[in-house]
Amino acid sequence: MRDTTAAFKLQKTPVPRAVRRKEVGFPPLPRIFCPFSLPFPRPLSFLFAPMADDAKQRKTLDERAQMSDLERLRHSTAHVLATAIAKLWPDAQFAAGPPVENGFYYDVDLGHRITPDDFPAIEEEMKRVVKENQVFERVTISRSEALDLAQRGRLAALGDREVPSRFKIDLLQDIPEDEEISIFRNGDFWDLCAGPHVPRTGNCKAFKIMSVASAFYKGDASNPQLQRVYGTAFPNRADLDAHLEQLEEARKRDHRRVGREMDLFHIDEAVGQGLILWKPKGALVRQELQDFISEHLRRQGYSQVFTPHIGKLDLYRTSGHFPYYADSQYPPIVEREHLKKLADEGCGCGELSNRLASGEIDGFLLKPMNCPHHIKIFQSNHHSYRDLPVRLAEFGTVYRWEQSGELGGMTRVRCFTQDDAHLFCTEDQVAAEIRGCLELVKIVLGTLGMQDYRVRVGLRDPDSSKYVGDPAKWDKAEAALREAAATLGTAFTEEPGEAAFYGPKIDFVVKDVIGREWQLGTVQVDYNLPERFQLSYIGADNQAHRPVMIHRAPFGSMERFVGVLIEHFAGKFPTWLSPEQVRVLPISEKFLDFAGEVEAVLREAGVRVTVDRSDDKVGAKIRLAQLDKIPYMLVIGAREAESQEVSVRHRDRGDAGSSPVLAFRDQVVAEIRSRSL
RNA sequence: GCUCUUGUAGCUCAGGGGUAGAGCACUUCCUUGGUAAGGAAGAGGUCACGGGUUCAAAUCCCGUCAAGAGCUCCA
């Protein structure tokens, strides 16, 4: 058996994890801008990732009593789980077993390694406990009695043991002096627990063990690693089944799976982790989206620019990205001459490494963001107040060294392309510019049928002094953001303390069709970079003034956005976004010529069309086209060739009757042009 | 990064100390058909990579790489 006692040191003040991942499924990715300047002694990824609320407040007994019925049920089921595990493996040492968003877990340290093969046995044992319909009995005890029970190994156990219940002893110490201590008993299983619980184990009828993973005790990597058994529970079988079906649905929609099936993108070991290869079909989707967004950018008076993927290190020293956040960037590219010079000076590998880390080297950096390049474009001209706002947009590709454990699919990658733009404006223009950004978001999400999104307005914490810039400007910018959010006509929340230190921001969180939330882009007001780069424009008073910058990437990155869209549509993109919009299905090879004519007519009209020239029967061709999620199938046989018509089948609506070739062409072209859903 | 799990054909997966398996996809042939799978044959794999144990390794052990899940919504 593993001896965790030696490694286990009690921690009086648990160190909160810098980055907590609350969402189930896919983690958020609001790491869009980072025009920071303060030398926080933290890795860059900390700033790219959502900030955790500081140390979670311990729940009071009152708060716990307010646990919802479902949470109560799940927490009780966690005790049933622990009872079963304690029966099967009496040496089990339990830590915490709370209800969580989609169920519950219980952390356990155990000589035996639990695998999915063990689930049936555990569930059988749990069913027995449920069937016995044991009463959950609350017993109030004194601190010393609790300690005594724990020393006897009696807590989270079915009887006395030779080894103390060591995690429970530790947890006891976290309980404030003035708080009542209670244990809950069901049958012979006693556990330190504040409750509340359902009355009897018989209430925990509908449950399922979902998975087992590892977790650090109290989330601290210096603590022992425990096995975390996840389960879920519902009041009845039907609700449980519905939940499991939804999970299955989510699994089917997983963009990694759909992306492979539909041949949209590929990640290759030989290229590198977190680096997306957009295959032809995925590239079409992305290109359509970019064209769509560009069209609206032009309408809104943006100027599109192109900038390189690298820049001199000095640029990023000025912006503040380097060297403080070097850990989250690809290492610098050192110039050949500089390297040679270092070698001539006798600089060894160790010293080189140190100099790289400290930033005392010359070279280039793969850009971690686009703002410095755009700033340099702005600075390449003198600007009058009459020029403002200057709006520079770019589908700008950036590189970040995410920890390998954070990577996943298209939603968490090391190279991504932002729908980025930087607006240089006067303070008076900030409000209107923010409204413009939100307008674009509204149009794009509306066109895609993603009506279910919310907006978070991140304001500064009035009690903190970590923010840069003049408080009066902050007030103005915050008011502008608040006002703009209100005009959006959608729900928004204001979250004090969630602002970046350089300015307030708006985040967009979209909900997909099965209710999962995804953080996409942000709009951020920035007073910091204009200062660092000494930006200026000449005002009506003939004096130099400092412009304000707005960073905005409303859809975050093309990678993540397309990943979200794949799941949102379950791969069934609207016609305008579909990589293949129409497939012609000749009944037999006799009609290949006519099929070719139909193909030519459609292609000429700009429709993405192919002909299935295989010798499959039409049923098989339809099946394949359905699996490829192609919006329109045109069945062509003798009748159609005779009348110059096509028999139209839609992937969702089925057989739609026949239509003259040109009429179909006009209809599908109109559908594509209008970008209808 | 850390822990666990996984890595076998383009895809989905079975197998497992002694000729490498299936279905789908692919190629060829037969079939020329009417709204979700017509038939036959064939081709395709250093079993992720590198070491080790063994007469013998895809299989067992160690390491590397990669993928997936998890990493306090606290007794």
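Every chain is numbered from 1 and lettered A, B, ... according to where its sequence line falls, protein lines coming before strand lines. Computation of the quantities below employed the complete heavy-atom set of this structure, encompassing side-chain atoms and omitting hydrogens, waters and symmetry-equivalent molecules. Note that the coordinates shown come from a computational prediction; the quantities given were computed from them, not determined experimentally.
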**Student:** What I want to find out is whether A/Arg651 reaches A/Asp628 closely enough, with some N-O distance under 4.0 Å, to be called a salt bridge.
**Tutor:** no
**Student:** Given the P atoms of B/rU27 and B/rU64, what is the spacing between them in whole Å?
**Tutor:**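 Looking at atom P only, B/rU27 and B/rU64 are 42 Å apart.
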**Student:** Can you figure out which of B/rC71, B/rC65, B/rC11 approaches the side chain of A/Arg260 most closely?
**Tutor:**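 When the side chain of A/Arg260 is considered, B/rC11 is the closest of B/rC71, B/rC65, B/rC11.
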**Student:** Between C1' on B/rU32 and CG on A/Asp612, what's the gap in Å once rounded to a whole number?
**Tutor:**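 It works out to 14 Å between those atoms.
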**Student:** Considering only the P atoms, how many Å lie between B/rC60 and B/rU5, rounded to the nearest integer?
**Tutor:**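 Here B/rC60 and B/rU5 have their P atoms 13 Å from each other.
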**Student:** Whole angstrom is fine here: how far is it from CZ in A/Arg228 over to C1' in B/rC73?
**Tutor:** 10 Å
**Student:** Write down the distance between CE (A/Met210) and P (B/rG68), rounded to a whole number of angstrom.
**Tutor:**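 After rounding, the reported distance stands at 19 Å.
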**Student:** Taking atom types as they are modelled, would you say the side chain of A/Gln173 forms a donor-acceptor pair with the base of B/rA75 within the 3.5 Å cutoff?
**Tutor:**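 There is none.
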**Student:** Base, sugar-phosphate, or nothing for A/Leu155, non-hydrogen atoms under 4.0 angstrom?
**Tutor:**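 No contact.
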**Student:** Any chance you could list the contact pattern along nucleotides 34-46 of chain B? Use B for base contacts, S for sugar-phosphate-only contacts and - for none, protein heavy atoms under 4.0 Å, 5' to 3'.
**Tutor:** BBBBB--------
**Student:** Answer syn or anti for B/rU54, where the cut-off is 90° from 0 on the glycosidic torsion.
**Tutor:**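 It is anti.
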**Student:** In whole Å, I'd like the distance from the CG atom of A/Asp628 to the C1' atom of B/rA25.
**Tutor:** 11 Å
**Student:** Is the terminal nitrogen or CZ of A/Arg228 (NZ for Lys, CZ for Arg) located under 6.0 angstrom from the six-membered ring centre of A/Tyr105 and within 45° of that ring's axis?
**Tutor:**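 Yes, A/Arg228 and A/Tyr105 form such a contact.
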**Student:** Is there side-chain contact between A/Leu158 and A/Thr83, with heavy atoms separated by less than 4.5 Å?
**Tutor:**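 Yes, at least one pair of side-chain atoms sits under 4.5 Å.
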**Student:** Take atom NZ of A/Lys281 and atom P of B/rG10, then tell me their distance rounded to the nearest Å.
**Tutor:** 19 Å
**Student:** Looking at A/Arg256, does any N or O in its side chain come under 4.0 Å of the phosphate oxygens OP1/OP2 on B/rA69?
**Tutor:**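 It does, given that an N or O in the side chain of A/Arg256 lies less than 4.0 Å from OP1 or OP2 of B/rA69.
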**Student:** Determine, for A/Glu498 against A/Arg456, whether the closest basic-nitrogen to carboxylate-oxygen distance falls under 4.0 angstrom.
**Tutor:** no
**Student:** OP1 or OP2 of B/rC4 less than 4.0 angstrom from a side-chain nitrogen or oxygen of A/Tyr230, does that happen here?
**Tutor:**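 No.
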**Student:** Mind checking the P distance from B/rU3 to B/rC62? Whole angstroms is fine.
**Tutor:** 14 Å
**Student:** Could I get the full list of salt bridge (Lys or Arg N to Asp or Glu O under 4.0 Å) partners for A/Asp263, not counting sequence neighbours?
**Tutor:**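 Per chain and number, A/Asp263 pairs via salt bridge (Lys or Arg N to Asp or Glu O under 4.0 Å) with A/Lys279.
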**Student:** For the pair A/Phe167 and A/Phe94, evaluate ring pair (Phe, Tyr, Trp, His ring centres under 6.0 Å) and give the outcome as yes or no after the intermediate values.
**Tutor:** CA-CA 7 Å; A/Phe167 299 109; A/Phe94 291 92; 9.5 Å; no
**Student:** Look at the rings of A/His197 and A/His79 and say which category their plane angle falls in: under 30° parallel, 30 to 60° tilted, over 60° perpendicular.
**Tutor:** perpendicular
**Student:** With P as the reference atom in both, quote the distance from B/rC24 to B/rU19 in angstrom, rounded to an integer.
**Tutor:**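 Rounded to whole Å, the distance is 28 Å.
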**Student:** Pull out every stem in RNA chain B, meaning runs of 3 or more consecutive Watson-Crick or G-U wobble pairs with both distances under 3.5 Å.
**Tutor:** B:1-7 with B:65-71, B:10-13 with B:21-24, B:26-30 with B:38-42, B:48-52 with B:60-64
**Student:** Side chains of A/Ser578 and A/Gln581: is there a donor and an acceptor less than 3.5 Å apart?
**Tutor:**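 Side-chain D/A pair, A/Ser578 to A/Gln581: absent.
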**Student:** Which value, in whole Å, describes the distance between the P atoms of nucleotides B/rA20 and B/rG45?
**Tutor:** 13 Å
**Student:** Say we look at B/rG52 and B/rA57: how far apart would their P atoms be, to the nearest angstrom?
**Tutor:** 11 Å
**Student:** Can you confirm whether or not the ring centre of A/Tyr330 sits under 6.0 Å from the ring centre of A/Trp401?
**Tutor:**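 Yes, the ring centres sit under 6.0 Å apart.
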**Student:** Is NZ or CZ of A/Arg253 both nearer than 6.0 Å to the six-membered ring centre of A/Phe569 and within 45° of the ring axis?
**Tutor:** no
**Student:** Rounded off to whole Å, could you give me the CG-to-C1' distance for the A/Leu592 and B/rG33 pair?
**Tutor:** 13 Å
**Student:** Measure NZ/A/Lys279 against C1'/B/rC11 and give the value in whole Å, please.
**Tutor:**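 Interatomic distance, NZ of A/Lys279 to C1' of B/rC11: 11 Å.
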**Student:** Roughly, in whole Å, what's the span from CD in A/Gln227 to C1' in B/rA69?
**Tutor:**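 Whole-Å distance recorded here is 14 Å.
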**Student:** If the P atom of B/rA25 is compared with that of B/rG10, how far apart are they to the nearest Å?
**Tutor:** 16 Å
**Student:** Report the residue (A/Ser588 or A/Leu172) whose heavy-atom-nearest nucleotide on RNA chain B is the more 5′ of the two.
**Tutor:** A/Ser588
**Student:** Within the structure shown, what part of the strands sits under 4.0 Å from A/Gly409 by heavy-atom distance: base, sugar-phosphate, or nothing?
**Tutor:** sugar-phosphate
**Student:** Among B/rA75, B/rU32, B/rA66, which nucleotide has an atom closest to any side-chain atom of A/Glu269?
**Tutor:**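 In terms of side-chain proximity for A/Glu269, the closest of B/rA75, B/rU32, B/rA66 is B/rA66.
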**Student:** Can you check the distance between B/rG15 and B/rG70, where both ends of the measurement are the C1' atom (answer in whole Å)?
**Tutor:**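 Approximately 30 Å lies between the C1' atom of B/rG15 and that of B/rG70.
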**Student:** Taking the six-membered ring where the residue is Trp, are the ring centres of A/His75 and A/Phe104 under 6.0 Å apart?
**Tutor:** no
**Student:** Using a cut-off of less than 4.0 Å, is there contact between a side-chain N or O of A/Gln273 and OP1 or OP2 of B/rA67?
**Tutor:**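 Answer is yes, contact under 4.0 Å.
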**Student:** What does A/Phe184 touch in the nucleic acid at a heavy-atom separation under 4.0 angstrom: a base, only the sugar-phosphate, or nothing?
**Tutor:**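 No contact.
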